Peer 1: 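A single structure is presented below for examination.
Because only heavy atoms are used, hydrogens play no part in the values below, and waters and symmetry mates are left out as well, while side chains stay in. Here the structure is a predicted model, which means the values were calculated and not measured. In what follows, every chain begins at residue 1, and chains take the letters A, B, ... in the order their sequences are listed.
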Number of protein chains: 2
Amino acid sequence: MTVFEVLADPTRRRILELVAGQEQPAGWLAENFDMSGPAVSKHLRVLRDAGLVSVRQAGTQRLYRLDPGPLSEAEQWIATTTATWSANLDALEAHLDQTNP
Amino acid sequence: MTVFEVLADPTRRRILELVAGQEQPAGWLAENFDMSGPAVSKHLRVLRDAGLVSVRQAGTQRLYRLDPGPLSEAEQWIATTTATWSANLDALEAHLDQTNP
DNA sequence: ACCGAATATAACTTTAAAGCTATCTAACTA
DNA sequence: TAGTTAGATAGCTTTAAAGTTATATTCGGT
């Protein structure tokens, strides 16, 4: 599953927001959503497999925290694509300046 | 459909790359993919609805170009989330520096 | 060793996205 | 104005993601 596919789901984006500030136990995360525990657990699984979160066992609970690596991968794609766009925009403007002084 | 949902599909991401540099006709875009024309047309529809591309009629063909607005929206979400993460990382390091001089 | 709490996995159902073929629309061209 | 080309829409099928309940696992406490 690619980063963008993982980010497509709003529940998963919200989870990432919740664990960005500090690590949080799975149970507490689940409380934030209007769905069953297993459903949230499955989302956590997807996030783990994609490397977007990491887990740490603390007694009986599992603490999740953000792992920003894959996020910057996505950010890069956006930045590159946008850069290509503005490069071309600049070229166009330069051309207009030249032909229409 | 949210920006991230739209970006989840690899065909759509590739289309955005193809129209980032300069506007391109729908037919030429379709040639770049191993799928039917209508399938590509549907992706273009999704991209239009999301405001990620705009179209211009040129004779018999339709020229698509990137519209970067919604992209920066997605970029912002990533940036904010990452920022929250590093803010906390900084706080943690400061704490460690303080307790472990 | 046993029990309860926290979380994960299994098996299943429902829904929607993505593809296909066939058909329609719009614009240029003879 | 009839034909041709470019592209979009309609209707349909298949696949996979996301949810559900039930069951399994793992750890700490008694």
Peer 1: Taking only the side-chain nitrogens and oxygens of B:Tyr64, find out if one of them lies under 4.0 Å from OP1 or OP2 of D:dA8.
Peer 2: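 For D:dA8, OP1 or OP2 has a side-chain N or O of B:Tyr64 closer than 4.0 Å.
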Peer 1: Measure the distance from CD on B:Glu5 to P on D:dA16 and round it to the nearest whole Å.
Peer 2: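 The distance from CD of B:Glu5 to P of D:dA16 comes to 18 Å, rounded to the nearest Å.
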Peer 1: Closest nucleotide of DNA chain D for A:Arg12 versus for A:Thr60: which of these residues is on the 5' side?
Peer 2: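 Looking at the nearest nucleotide for each, A:Arg12 comes out on the 5' side.
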Peer 1: Flag the pair B:Met35 / B:His43 as yes when at least one side-chain heavy-atom distance between them is below 4.5 Å, and no otherwise.
Peer 2: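 Result yes, sub-4.5 Å side-chain heavy-atom pair found.
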Peer 1: Do B:Arg13 and A:Trp77 come within less than 4.5 Å of each other through their side chains, counting heavy atoms only?
Peer 2: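 Yes - at least one pair of side-chain heavy atoms lies under 4.5 Å apart.
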Peer 1: Please report, rounded to the nearest Å, how far the P atom of C:dA18 is from the CG atom of B:Asp49.
Peer 2: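 Taking CG of B:Asp49 and P of C:dA18, I get 13 Å after rounding.
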Peer 1: Work out which heavy atom in B:Gln24 is nearest to a heavy atom in B:Leu18; give both atom names and the distance.
Peer 2: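 Looking at all heavy atoms of both residues, the closest pair is CG-O, 3.5 Å.
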Peer 1: Identify whether any heavy atom of A:Ala39 sits under 4.0 Å from a base atom; if not, whether one sits that close to sugar-phosphate; answer base, sugar-phosphate or nothing.
Peer 2: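 If one applies the 4.0 Å heavy-atom cut-off, A:Ala39 turns out to touch a base.
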Peer 1: Nearest 0.5 angstrom please: A:Lys42 NZ to A:Asp9 CG, how far?
Peer 2: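 The NZ atom of A:Lys42 sits 11.0 Å away from the CG atom of A:Asp9.
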Peer 1: Between B:Asp49 and B:Arg45, is there a salt bridge with N-O shorter than 4.0 Å?
Peer 2: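 So B:Arg45 pairs with B:Asp49 through a salt bridge.
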Peer 1: Need to verify one output field. Residue with the more 5' nearest nucleotide on DNA chain D, A:Gln57 or A:Val46?
Peer 2: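 Its nearest nucleotide lies further toward 5', so the answer is A:Val46.
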Peer 1: Measure the distance from CG on B:Leu44 to P on D:dT9 and round it to the nearest whole Å.
Peer 2: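 It is 10 Å, rounded to the nearest whole Å.
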Peer 1: In this structure, how many angstroms lie between the C1' atom of C:dA10 and the CZ atom of A:Arg45, rounded?
Peer 2: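 To the nearest whole Å, that distance equals 12 Å.
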Peer 1: Taking 4.0 Å as the cut-off, does a side-chain nitrogen or oxygen of A:His43 come that near to OP1 or OP2 on D:dG19?
Peer 2: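 Yes, because at least one side-chain N or O of A:His43 sits under 4.0 Å from OP1 or OP2 of D:dG19.
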Peer 1: Provide, to the nearest angstrom, the distance between the CG atom belonging to A:Asp9 and the C1' atom belonging to C:dA17.
Peer 2: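 Between C1' of C:dA17 and CG of A:Asp9: 14 Å.
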Peer 1: Select from A:Val55 and A:Lys42 the residue whose nearest nucleotide in DNA chain C is closer to the 5' end of that strand.
Peer 2: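 First, find each residue's nearest nucleotide; the 5'-ward one identifies A:Val55.
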Peer 1: Check B:Ala26 against B:Leu44 and note the closest heavy-atom contact, atom names and distance.
Peer 2: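 Between these two residues, the closest heavy atoms are CB-CD1, 3.9 Å.
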Peer 1: Report yes if the side chains of A:Leu52 and A:Asp67 come closer than 4.5 Å at any heavy-atom pair, otherwise no.
Peer 2: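 Result no, sub-4.5 Å side-chain heavy-atom pair not found.
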Peer 1: Which of residues 19-38 of chain B sit near DNA chain C, with a heavy atom under 4.0 Å from it?
Peer 2: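 Result for residues 19-38 of chain B: B:Met35, B:Ser36, B:Pro38, sorted by number.
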Peer 1: What is the separation between atom CG on B:Leu63 and atom P on C:dA27, rounded to the nearest whole Å?
Peer 2: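 Rounded to the whole Å, the gap is 14 Å.
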Peer 1: What is the distance, rounded to the nearest whole Å, between atom CZ of A:Arg62 and atom C1' of D:dC27?
Peer 2: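 Atom CZ in A:Arg62 sits about 10 Å away from atom C1' in D:dC27.
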Peer 1: Specify the separation, in whole Å, of atom CG of A:Leu7 and atom P of D:dA17.
Peer 2: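 Whole-Å distance recorded here is 15 Å.
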